[in-house]
Amino acid sequence: MKNYNVSEIKNLLATAKTALIAVPQLNIDSIGSALALALLLKKSNISTKVYCPQKTDANYTKLSGLELLTDNYNSNDLIVTLDYPLDQIEKVTYNQDNGKLNLVVQTKSGAQKVAENQILISNQASIADINFCFGDEALLGSNSNMVTNGNWINISPINVEKSWAKASVIDQDAPFSEILSFLLPMIGLELTPDSAKNLLIALRVATQSFSINVSPETFEAGANCLRATQV
């Protein structure tokens with residue numbers, strides 16, 4: 001069993017309504033782990049997005065939560081977020097009124113009215129309440145400076161401290177999936193079948209089916225994930 005210092009992460013999560021997970025380098029381990037985190041944050045009613053500058057391919061189709069992944073990050077984009085049940089929304093349209101753009105959200109018959117405090121407006125330059133970077137931000141290219149704003153958590157298998165990080169989880173030589181399998185319960189995010197499946201897929205790929213770069217904790221991580229998929 002591993003033990004990370006997670007007090008600052010828990011403090012940030014306690015008040016967070018939005019989250020961004022940046023994945024500088026595309027691979028099954030990093031994306032599977034990031035999506036596992038994203039699914040659990042979303043389950044905790046935190047609006048979450050995963051950004052990776054490279055596109056996924058057919059090798060990633062077995063992962064859950066791919067709809068939360070984007071390869072586009074534009075600091076000029078305006079984002080309107082509704083903290084409202086999606087199954088109560090009939091459709092979303094837009095129209096023009098004297099040169100002004102109106103976004104129209106039509107709720108289903110009998111549904112509650114969307115309250116003003118359920119509407120969040122931001123742009124991508126406004127970093128989320130809590131942000132995670134899975135690895136070296138320099139690999140984000142032109143968007144590498146995104147880590148200079150907001151509350152960032154550095155998660156890395158390489159022992160390099162980052163000055164921009166409010167907190168770091170560094171576990172040398174452990175794949176992201178191994179780190180996340182222990183970290184998530186520590187910060188109050190219990191594994192669900194989908195999140196555990198993502199971590200298990202990532203762990204198998206990162207260790208070539210538990211044949212390389214393994215430790216007793218690696219097998220413990222795999223066992224924890226396998227148990228959670230059986231729930």
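Note that these values count all heavy atoms, side chains included, but never hydrogens, waters or copies made by symmetry.
- Atom CD of Gln96 sits in a sparse spot, with 12 or fewer heavy atoms from other residues, nucleotides or ligands closer than 6.0 Å.
- Residues Thr61 and Leu66 share a closest heavy-atom pair of CA-CD1, 4.1 Å.
- For the 3.5 Å distance criterion, the side chains of Trp152 and Glu137 fail to qualify, holding no donor opposite an acceptor.
- Looking at residues two or more places apart in sequence or on another chain, you find no salt bridge (Lys or Arg N to Asp or Glu O under 4.0 Å) involving Lys166.
- Under the side-chain hydrogen bond (donor to acceptor under 3.5 Å, both in side chains) rule, Tyr51 has a single partner from Asp71, Asn143, Thr70, which is Asn143.
- Within the structure, every pair that satisfies the side chain to side chain donor-acceptor pair (under 3.5 Å) test and touches residues 22-41, not counting sequence neighbours, is listed here: Asn27-Ser30, Asp29-Ser177.
- Take Tyr84 and apply the ring pair (Phe, Tyr, Trp, His ring centres under 6.0 Å) test, not counting sequence neighbours, and it matches no residue.
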Which donor-acceptor pairs under 3.5 Å do the side chains of residues 9-20 make with protein atoms, sequence neighbours left out?
| from | atom 1 | to | atom 2 | distance (Å) |
| --- | --- | --- | --- | --- |
| Asn11 | ND2 | Ser7 | O | 3.3 |
| Thr18 | OG1 | Asp129 | N | 3.0 |
| Thr18 | OG1 | Asp129 | OD2 | 3.4 |

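- Lys2 NZ: more than 12 foreign heavy atoms inside a 6.0 Å radius.
- Criterion: ILVMFWY side-chain heavy atoms under 4.5 Å apart, direct or through other members. Under it, Leu68 and Tyr73 are not part of a common hydrophobic cluster.
- The shortest heavy-atom contact between Ala228 and Leu191 is CB-CB, 3.8 Å.
- Among residue pairs with one or both ends in residues 218-231, those qualifying as side chain to side chain donor-acceptor pair (under 3.5 Å) are Glu178-Thr218, Ser215-Thr218, Asn224-Arg227; sequence neighbours excluded.
- Shortest non-hydrogen contact noted between Ala22 and Leu140 is CB-CD1, 4.3 Å.
- Hydrophobic clustering keeps Trp164 apart from Val160 (ILVMFWY residues linked when any side-chain heavy atoms are closer than 4.5 Å, directly or through intermediates).
- Across all their heavy atoms, Ser181 and Cys225 have their closest contact at CB-SG, 3.9 Å.
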Please list every donor-acceptor pair under 3.5 Å in which a side-chain atom of residues 100-109 meets a protein atom from a residue at least two apart or in another chain.
| from | atom 1 | to | atom 2 | distance (Å) |
| --- | --- | --- | --- | --- |
| Asn102 | ND2 | Asn95 | OD1 | 3.0 |
| Lys108 | NZ | Asp87 | O | 3.0 |

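- Residue pairs meeting the side chain to side chain donor-acceptor pair (under 3.5 Å) criterion with at least one partner in residues 197-212, sequence neighbours excluded, are Ser64-Lys197.
- Considering only residues two or more places apart in sequence or on other chains, Lys43 meets the salt bridge (Lys or Arg N to Asp or Glu O under 4.0 Å) condition with none of them.
- Under the rule for a salt bridge (Lys or Arg N to Asp or Glu O under 4.0 Å), Asp83 has no partner lying at least two apart in sequence or in another chain.
- By the rule that hydrophobic residues join a cluster once side-chain heavy atoms approach within less than 4.5 Å of another member, Leu183 and Ile170 end up as members of separate clusters.
- Its side chain within the 4.5 Å cluster rule, Phe219 clusters with Leu203, Phe210, Val214 among the Ile, Leu, Val, Met, Phe, Trp and Tyr residues.
- Residues forming a ring pair (Phe, Tyr, Trp, His ring centres under 6.0 Å) with Phe132 (at least two apart in sequence, or on another chain): none.
- Under the side chain to side chain contact (heavy atoms under 4.5 Å, CB included) criterion, Ala115 pairs with Asn117, Gln118, sequence neighbours left out.
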